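What follows is a set of notes on a single structure, which appears directly below.
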Amino acid sequence: MMIDWMLVILAAAAALIALSIWRAHRASGISFNAFDLIMEDGKVSKIALAFMLVLAVTTWIVVDLTIKGKLTEGYFTMYGSMWVIPLVAKVVFNKSEAPTSAGTTTITKIESVEKTTP
């Protein structure tokens, strides 16, 4: 069995990136929390966790296909659309309501008029 050195380098690079993220997470001077990538309202989000796992696996597949020279335009288009379409859909279809009047502050200017007697 022959070792694919490009995959070994890819695995080492992925491990280095993961180590860098973990060190930033552990550093006291940096306000980065790696768990924010998968948490929502203080709990693990199933969708965010699945999204991150699928991102990692599909990225690995695309890089592996690129290294082996087998990445086609179709594969690359599918990969790109998997990550762009949900973001565009969220921006286009996420219609948030305008704030109500209870949440706004009105500032009025009151001018004082001096009354003079003739």
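For reference, positions follow the sequence shown, starting with 1. The model shown is predicted, which means the values in this text are computed figures rather than measured ones.
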Pairwise distance [atom1]([X]) to [atom2]([Y]) - rounded to 0.5 angstrom:
X: M6; Y: L10; atom1: CE; atom2: CG; result: 8.0 Å
X: I61; Y: T66; atom1: CD1; atom2: OG1; result: 11.5 Å
X: H25; Y: L19; atom1: NE2; atom2: CG; result: 13.0 Å
X: W60; Y: D64; atom1: CH2; atom2: CG; result: 7.5 Å
X: M78; Y: T58; atom1: CE; atom2: OG1; result: 11.0 Å
X: E40; Y: L49; atom1: CD; atom2: CG; result: 12.5 Å

Neighbour count above 12 (heavy atom, 6.0 Å) for Y79 OH | yes
Return yes when atom CD1 of I47 has more than 12 non-hydrogen atoms of other residues, nucleotides or ligands closer than 6.0 Å, and no otherwise.
-> no
Between Y75 and V62, does a side chain to side chain contact (heavy atoms under 4.5 Å, CB included) hold up when you go through it step by step?
-> CA-CA 8 Å; Y75 287 146; V62 166; 6.0 Å; no
Determine whether [X] and [Y] fall in the same hydrophobic cluster, where Ile, Leu, Val, Met, Phe, Trp and Tyr are linked whenever their side-chain heavy atoms lie under 4.5 Å apart.
X: V84; Y: F93; value: yes
X: V63; Y: L7; value: yes
X: M52; Y: V44; value: yes
X: V57; Y: L65; value: yes

